[in-house]
Amino acid sequence: MRPEILNPLFAGSDTLKGVGPKLEKPLDRLGLTRVRDFVFHLPERFIDRRVIANLDEATVGENVVVELTPTQYRASRSGRGPFNVMATDAIGNVVSLTYFGRASFSAKKSLPLNEKRWVAGRIDQYGDMLQIVHPDHVEEAGSAALATTCEPVYALSEGLTQNRLIAMIEQALGEVPDLPEWIEPSQLEKRQWPAWRDALILAHRGPHKAARDRLAYDELFASALALMLVKADNRRRKGVPLRSDGRLRDRLKLPFELTGAQKRSVSEIEGDLAQNHPMLRLLQGDVGSGKTAVALHAMLIAVESGAQAAMLAPTEILARQHYETLVEMARGTGIEIAVLTGRDKGKARESILMGLLDGSIDVIVGTHAIFQDSVAYRNLALVVIDEQHRFGVNQRLLLQQKARGTAHCLAMTATPIPRTLTLAQYGEMEVSKLDELPPGRQPIDTRVVPTERMGDVVGALRRHVGEEKQAYWVCPMVREHETEDIAAAEERFETLRAALGEQAVTMVHGQLPADVKDANMARFASGEVAVLVATTVIEVGVNVPNASLMVIEQAERFGLAQLHQLRGRVGRGAEKSVCLLLRGDALSETGRERLALMRETQDGFRLAEEDLRLRGGGEILGTRQSGEQAFELATPEQITELLEVAHDDARLLMERDGGLTASRGEAARIALYLFERDYGVQLLRGG
Ligand code: ADP
Ligand code: MG
């Protein structure tokens with residue numbers, strides 16, 4: 001149970017004044033569903049404003065607060081142009097307050113003629129006229145909104161304004177309780193950090209580094225502590241050692257020899273499985289490094305010892321593909337493999353459930369449907385979780401917990417993350433690395449192409465398809481701009497169909513119903529359709545070796561890690577593959593550098609390290625677009641700076657008070673709940 005003191009923070013957003021059904025969607029897009037989410041939605045930056053007596057004191061581009069008197073309204077004749085309110089300052093300077101869109105009504109209301117108003121906004125010049133476009137505030141004298149000369153700027157989504165959000169966050173901050181201190185007193189002293197509640201409020205008031213650092217530290221501390229609790233719990237747990245004789249693996253006829261890295265990983269896993277406490281191991285390997293073959297070996301070890309194995313995939317498409325791959329690979333071993341997803345119903349599902357219960361199914365592949373309460377196993381000894389990063393740290397640990405009981409757990413991820421982050425995200429696990437690609441892979445020819453050359457790109461696609469080869473066409477999609485992005489993807493789909501023929505192109509994106517998505521994907525995978533237009537849903541593990549061209553639109557909008565994952569979908573067959581990164585013309589220096597890096601290297605780990613250096617580490621975590629970010633507050637810099645300290649402090653606390661029962665331990669429990677790492681606490685109770 002969550003400590004009562006946190007209840008106000010976990011109240012729903014509808015308890016805030018002014019949050020009605022209309023705002024639900026925009027708020028949801030930003031992940032703002034509970035009071036705590038609002039207070040953790042820290043400003044992206046601050047606007048510094050200066051109060052001035054008249055416009056002679058201002059420079060163009062400056063943010064000011066100035067007293068003005070509206071003198072005249074000017075609407076354009078067509079009614080389509082901007083609406084202007086002409087106003088004068090104390091010494092007769094004229095400025096135009098300019099509103100676009102249908103804003104004349106509200107502008108007239110807040111700026112009545114010949115009445116003094118305080119106006120806050122940025123001074124611009126339009127022709128020889130001073131202008132303020134959409135003033136941030138228009139208030140009567142003495143308004144509180146003008147008292148802050150340092151104003152926060154928050155990330156927004158469609159349908160939400162800065163002022164609305166500020167008002168909601170202010171309200172949410174009013175609900176914040178004082179919490180007991182979980183930071184070691186000496187640490188607090190040394191860093192001069194404010195108490196938690198003070199830090200939170202300061203972080204919204206101005207650029208306070210100490211306040212921000214403390215909040216980030218808290219998050220890193222809670223995360224480290226939770227992972228340690230998982231690890232400690234695992235050490236206490238009794239597992240079933242798997243003793244295998246290799247008889248099934250001997251019968252395996254793979255069309256290739258395992259790489260050195262694969263062999264090493266298999267033997268590390270075999271060693272873990274023979275222990276009498278459950279394995280908790282992460283298999284980290286770049287796209288195409290051959291994780292599936294390693295997973296198969298691990299699962300065969302389980303079956304050899306008379307037990308069952310399960311493999312969990314993040315999507316339906318991937319589960320079915322794994323099923324087919326595994327059946328193909330394991331042919332000759334005589335084991336029974338089945339697939340189960342949320343879509344399997346009725347008799348088919350019943351018979352799989354029976355097979356799992358009576359042990360006639362040795363290996364099950366599926367989505368999280370395989371861990372529903374109604375699914376019982378005769379003797380489940382190994383759980384493999386594929387594309388682990390897709391699940392997010394929280395979800396993953398919950399799944400793991402639910403899945404394993406005493407079972408061994410092998411997690412696999414293709415997200416290359418820098419070393420510091422491995423500790424932060426997977427601190428509870430042992431790590432095996434596939435740092436070697438199977439031989440004979442051809443490098444992917446990667447080119448950066450300006451969007452103006454779209455015509456040439458479509459031409460190249462047409463030639464490619466003419467040679468009976470397949471291609472991916474990827475459009476960006478971020479949750480905050482979902483509607484626009486989907487519209488853009490649909491439009492591209494139509495233009496490509498017009499160019500290549502209706503039958504040649506299909507599409508998958510997140511808003512399509514699951515069965516349509518699967519059917520379209522299946523037609524592409526079977527080779528029936530040549531081109532797949534997709535938003536990033538293909539990022540995860542899909543394998544179509546005949547696809548040897550990938551076009552990525554607005555490549556600058558993707559994170560490096562994501563581009564790398566996407567690119568990994570091609571270069572899987574014998575054919576030489578090409579990846580075209582289309583870029584817009586307004587590319588920043590960093591953007592340029594990042595795309596150049598993509599051209600230069602195919603080493604996922606190098607890309608991850610470089611991406612961290614070029615900032616934007618949130619993307620490295622590979623989860624920004626999948627909704628679940630590993631850290632809400634800590635930035636890449638803060639992770640680099642504070643993670644080790646937080647980690648050490650958590651370890652110290654564990655050594656002194658592993659049951660978290662003393663007063664600091666109790667406070668730390670609150671931190672775990674606050675950051676939703678409470679699976680750690682649940683383990684305490686269970687153990
Ligand atoms: P990932 O690590 O991205 O999940 P996969 O397991 O899908 O990679 O493997 C990618 C491709 O490489 C598959 O077609 C697989 O059959 C092939 N492969 C795996 N191991 C080897 C190997 N040792 N030699 C040659 N090909 C291999
Ligand atoms: Mg894979």
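Numbering starts at 1 and runs along the sequence shown.
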For residues [X] and [Y], report the shortest heavy-atom separation together with the two atoms involved.
X: V375; Y: L353; answer: CG2-CD2, 3.8 Å
X: I552; Y: F558; answer: CG2-CE1, 3.5 Å
X: L273; Y: I301; answer: CD1-CG2, 3.8 Å
X: V570; Y: A547; answer: CG1-O, 3.5 Å
X: K469; Y: S548; answer: CD-OG, 3.8 Å
X: T333; Y: L248; answer: O-CD2, 3.5 Å

Worked check of side chain to side chain contact (heavy atoms under 4.5 Å, CB included) between I335 and V363: CA-CA 8 Å; I335 65 166; V363 170; 4.1 Å; yes
How about CD on E655, more than 12 heavy atoms from neighbouring residues, nucleotides or ligands closer than 6.0 Å, or not?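 Atom CD in E655 is packed in, count exceeds 12.
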R378, CZ: over 12 other non-hydrogen atoms inside 6.0 angstrom: no
Donor-acceptor under 3.5 Å ([X] side chain, [Y] main chain):
X: R281; Y: D272; value: no
X: E304; Y: G246; value: yes
X: D603; Y: R606; value: yes
X: E430; Y: L282; value: no
X: D657; Y: A662; value: yes
X: S305; Y: V303; value: no
X: Q442; Y: S577; value: no
X: S223; Y: E219; value: no
X: R567; Y: M598; value: yes
X: D37; Y: R34; value: yes

Between R2 and E676, does any side-chain N to carboxylate O distance fall below 4.0 Å? no
Going by ring-ring contact (aromatic ring centres under 6.0 Å, His included), name the residues that satisfy it together with F524, two or more places apart in sequence or in a different chain. Y472
What's the verdict on side chain to side chain contact (heavy atoms under 4.5 Å, CB included) for W182 and L653, showing C-alpha distance, side-chain angles and the deciding distance? CA-CA 10 Å; W182 49 77; L653 177 62; over 6 Å; no
Which of M299, K291, H322 passes side-chain contact (heavy atoms from CB on, under 4.5 Å) with V384? It is M299
Among E257, Q262, K263, the one residue meeting side-chain contact (heavy atoms from CB on, under 4.5 Å) with T259: Q262
Can you list the steps and then say if V230 with L280 is a side chain to side chain contact (heavy atoms under 4.5 Å, CB included)? CA-CA 10 Å; V230 173; L280 211 46; 4.2 Å; yes
